[in-house]
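Okay, here's the structure, questions in a sec.
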Amino acid sequence: MPTAGTSTKSDERRRAIVAAAIECFAQKGLYGTTTHEIADRVGVSQPYLYRLYSNKQALFAAAVDHVSVVMTETLTAQAPASGEPLAPEAELQAARDGYAALVADRTILRFLMHANCAAGEPLVGQAVRGCYAKQVATVRQLLGDDDAVRSRFGAGMLDNVVAVLGLADIDEPWARVLTAQ
């Protein structure tokens, strides 16, 4: 008999819990979200959630790990299929387009912002730093140059601000500067 939390059904529930956690944490962050809310969203009991995750920080860290995998898959899917290198500007734009596609759903973007804010929690901070390390390695593999990696991350941070504030829909001079319109 498999041990608790290792069956296929518990793996499915674990994935459902992480998906629900990302949605809940994106709205209220680590500190404003209760495990009860997450359990209710999935339709499991809070004690069952704690059988799978020892505490809220462990669940948050698992959500960061999941988003990190999704980010890597999305960015690598934007790489040229031919294997031919692109001009640096085209490489940067391809990486930017991949990231834009990922954060088009504001849930992931908001979750990532909350993750950065919660990085002071040791377990969460470790997961967030691991996420950044994985993304830097992925972008370095795609762009091949540390300066390009820094440019990509700088552009990504600006993209975050533009997206979360909805600046594309604001017709003000300062907003047009940030959105390059």
Worksheet item: Under 4.5 Å between side-chain heavy atoms, hopping through other hydrophobics if needed: is there a path connecting Val164 to Val177?
Response: no
Discussion item. Is it the case that over 12 heavy atoms from other parts of the model lie below 6.0 angstrom from the CD atom of Gln46?
Written reply: yes
Discussion item. Give me the atom names and distance for the closest heavy-atom approach of Arg41 to Ala20.
Written reply: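 Heavy atoms of Arg41 and Ala20 come nearest at CD-CB, 3.7 Å.
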Practice prompt. Could you verify whether a donor N or O on one side chain and an acceptor N or O on the other, from Gln135 and Ser68, lie under 3.5 Å apart?
Written response: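 Per modelled atom types, Gln135 and Ser68 side chains form a pair under 3.5 Å.
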Discussion item. If hydrophobic clusters are built from ILVMFWY residues whose side chains come within less than 4.5 Å, do Ile170 and Leu158 share one?
Written reply: yes
Item to complete: Work out which heavy atom in Val149 is nearest to a heavy atom in Leu143; give both atom names and the distance.
Response: N-CD1, 4.3 Å
Fill in: Spacing of CZ belonging to Arg51 relative to CZ belonging to Arg13, to within rounding of 0.5 Å
9.0 Å
Practice prompt. Take Phe25 and Arg110, measure what side chain to side chain contact (heavy atoms under 4.5 Å, CB included) needs, and give me the verdict at the end.
Written response: CA-CA 8 Å; Phe25 289 137; Arg110 285 189 202 107; over 6 Å; no
Discussion item. I need the minimum non-hydrogen distance between Ala118 and Leu30, along with the two atoms involved.
Written reply: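 Closest heavy-atom pair between Ala118 and Leu30: CB-CD2, 3.8 Å.
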Worksheet item: According to a 4.5 Å side-chain heavy-atom criterion applied to Ile, Leu, Val, Met, Phe, Trp and Tyr, with indirect links allowed, do Val18 and Leu123 form part of one hydrophobic cluster?
Response: no
Practice prompt. Would you mind reporting whether Glu23 and Ile38 have side-chain heavy atoms less than 4.5 Å apart?
Written response: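 In short, these two side chains do not touch, never coming nearer than 4.5 Å.
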Worksheet item: What distance separates Met157 CE from Asn116 CG, expressed to the nearest 0.5 Å?
Response: 6.0 Å
Worksheet item: Where is the tightest heavy-atom contact between Cys131 and Val64, given as atom of each residue plus distance?
Response: CB-CG1, 3.9 Å
Practice prompt. Applying salt bridge (charged side-chain N to carboxylate O under 4.0 Å, His left out), name anything that partners Asp171, two or more places apart in sequence or on another chain.
Written response: Arg176
Discussion item. Can you confirm whether or not the ring centre of Phe60 sits under 6.0 Å from the ring centre of Phe111?
Written reply: yes
Response to the item:
Rounded to the nearest 0.5 angstrom, the CG-CZ distance for Asp146 and Arg140 is 4.5 Å
Practice prompt. Determine whether the side chains of Glu37 and Thr34 contain a donor N or O and an acceptor N or O closer than 3.5 Å.
Written response: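 Distance-only check passes for Glu37 and Thr34.
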Fill in: Same cluster (ILVMFWY, side-chain, under 4.5 Å), Val70 and Val136
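Result: yes, single cluster for both.
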Fill in: Gap separating the CZ atom of Arg152 from the CG atom of Asp147, nearest 0.5 angstrom
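Answer for the CZ-CG pair, Arg152 versus Asp147, is 15.5 Å.
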Worksheet item: Roughly how far apart are Cys24 SG and His36 NE2, rounded to 0.5 Å?
Response: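 One gets 11.0 Å once the value is rounded to the nearest 0.5 Å.
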Fill in: Exam field: side chain Thr76 to backbone Glu73, donor-acceptor pair closer than 3.5 Å
yes
Worksheet item: Taking the side chain from Lys134 and the backbone from Arg129, do they hold a donor-acceptor pair closer than 3.5 Å?
Response: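 Checked: no pair found.
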Worksheet item: How many angstroms lie between CG in Leu59 and OH in Tyr50, if you round to the nearest 0.5 Å?
Response: 8.5 Å
Worksheet item: Run the side chain to side chain contact (heavy atoms under 4.5 Å, CB included) check on Tyr31 and Cys117 step by step: do they pass?
Response: CA-CA 10 Å; Tyr31 304 108; Cys117 292; over 6 Å; no
Worksheet entry | Nearest heavy-atom neighbours spanning Ala163 and Leu109 |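 Looking at all heavy atoms of both residues, the closest pair is CB-CD2, 3.5 Å.
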Discussion item. Looking at every non-hydrogen atom in both residues, tell me the closest pair between Met113 and Val161 and how far apart they are.
Written reply: CE-N, 4.5 Å
